[in-house]
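Below is one structure, written out as structure tokens, with a few remarks after it.
Only heavy atoms go into these numbers, but all of them, side chains included; no hydrogens, no water, no symmetry mates. Chain naming here is simple, since letters A, B, ... match the order of the sequence lines and numbering starts at 1 in each.
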Amino acid sequence: MPQKMNIVCVSGMRERLQMAAMIASVAAAVGDEVSVFFSMNALPPFLKGGTPANAPAEGEFGALIAQDGVPPFRQLFEQAVELGDAKLLPCSMAMDLLKITEKELPAHFGPPTGLTRFLSDAEGGQLLSF
Amino acid sequence: MAEKVIDARNTFCPGPLMELIGYMKRANLGDTLELLSTDQGSATDVPEWIKKVGHEMVSTDKIGDVWHIKVRKVK
């Protein structure tokens, strides 16, 4: 029976998004059911149109993961969807506060989602937060 | 049966694994894929993935700094 891996992202810092993306993509790759809830500062780095917010480095490692050869977090999240059916769910509250609609988010993101639904779907699985 | 080489040298975890999975999805049953990687994590991650998902581990060799990991699509 596939395991459920649920991830909540609120930080916009590069290292945290990178780790969340690595876990999402590897878990999806081994067949886990992966759902990622993006809220607060974790949403702006994915906005299309204009410049998506930069994900600043939190520490030294941020510079290391910006180098060539390290898969960028946006790409890893997309691969989690393409290769492993992961669900990337934007927080409807955060979207309201940022005044954005689904059109401003990548096509591979799922519908705006509230916490009640997310937490209910997450029951029985693991939940990690970044 | 086709044999394909995937050059993921100088890319870091989980890049090589993701590349391999992408090619596996598009490969035909019985095809062998050879992943070239300089990333140590991948040398253990790939066999784990193969075992979990149920494909065949053909061989793993390290030649100089490069791992050559051969896998076969069996389902």
Side-chain angles (χ1 to χ4, degrees), chain A residues 1-5 7 9 14-36 55 57-88 106-108 125-126 128 130, chain B residues 2 4-29 31-58 60 62-75:
Chain A
M1 186 151 117
Q3 313 263 30
K4 285 207 277 189
M5 172 65 74
I7 300 169
C9 292
R14 189 183 306 162
E15 290 90 324
R16 291 181 189 269
L17 286 169
Q18 186 75 18
M19 181 50 86
M22 289 170 76
I23 292 178
S25 55
V26 174
V30 299
D32 288 353
E33 264 178 51
V34 176
S35 286
V36 188
E58 196 171 63
E60 283 176 50
F61 217 80
L64 295 176
I65 55 184
Q67 1 169 40
D68 274 348
V70 179
F73 63 83
R74 294 177 183 93
Q75 180 186 305
L76 287 175
F77 278 123
E78 194 172 349
Q79 282 173 323
V81 176
E82 279 167 13
L83 303 178
D85 295 326
K87 310 228 173 332
L88 306 184
H108 58 273
Q126 292 197 70
L128 304 176
F130 290 89
Chain B
K4 172 146 182 87
V5 176
I6 303 156
D7 188 350
R9 288 175 298 176
N10 302 313
T11 68
F12 298 85
C13 169
L17 177 65
M18 294 296 134
E19 288 254 332
L20 177 67
I21 296 174
Y23 280 98
M24 273 295 224
K25 287 212 155 194
R26 299 192 289 272
N28 297 311
L29 268 189
D31 282 357
T32 305
L33 302 179
E34 181 178 351
L35 177 70
L36 305 184
S37 174
T38 44
D39 173 64
Q40 176 157 326
S42 302
T44 39
D45 271 3
V46 171
E48 280 290 328
W49 180 76
I50 292 288
K51 191 172 82 173
K52 185 108 194 234
V53 171
H55 292 298
E56 185 186 325
M57 215 31 243
V58 176
T60 308
K62 192 172 182 202
I63 303 171
D65 283 334
V66 182
W67 274 274
H68 294 243
I69 305 166
K70 276 200 194 175
V71 301
R72 183 173 291 124
K73 180 167 177 167
V74 302
K75 56 198 281 236

Q: Could you tell me whether the side chain of B/Thr11 reaches within less than 4.5 Å of the side chain of A/Pro71, counting heavy atoms only?
A: no

Q. Between A/Ile65 and chain B, which part of the residue has a heavy atom less than 4.5 Å away: side chain, backbone, both or neither?
A. neither

Q | Distance-minimising heavy-atom pair for A/Leu83 and B/Gly22 | A | CD2-CA, 3.8 Å

Q.
Check this for me: A/Met22, atom CE, are more than 12 non-hydrogen atoms of other residues, nucleotides or ligands nearer than 6.0 Å?
A. yes

Q) What do you reckon, is NZ of B/Lys62 surrounded by more than 12 foreign heavy atoms closer than 6.0 Å? A) yes

Q. Among A/Ala29, A/Ala21, A/Gly31, A/Ala28, which residue forms the greatest number of heavy-atom pairs with chain B at distances under 4.5 Å?
A. A/Ala29

Q: Determine the option with the most heavy-atom pairs under 4.5 angstrom with chain A, choosing from B/Glu48, B/Met24, B/Met18, B/Lys52.
A: B/Met18

Q: Can you sort out the partners of B/Ala43 under side-chain contact (heavy atoms from CB on, under 4.5 Å), two or more places apart, ordered by chain and number?
A: B/Trp67

Q.
Does any backbone or side-chain atom of A/Gln75 lie under 4.5 Å from a heavy atom of chain B? Answer side chain, backbone, both or neither.
A. neither

(Q) Could you work out, with side-chain contact (heavy atoms from CB on, under 4.5 Å) as the rule, every residue matching A/Ala57, not counting sequence neighbours? (A) A/Arg14, A/Glu15

Q. Take atom CD in A/Glu60; do more than 12 heavy atoms of anything else shown fall under 6.0 Å from it?
A. no

Q: Check A/Val70 against B/Phe12 and note the closest heavy-atom contact, atom names and distance.
A: CG2-CD1, 3.6 Å

Q | Point-to-point distance, once rounded to the nearest 0.5 Å, from CD of A/Glu82 to CD1 of B/Ile21 | A | 12.0 Å

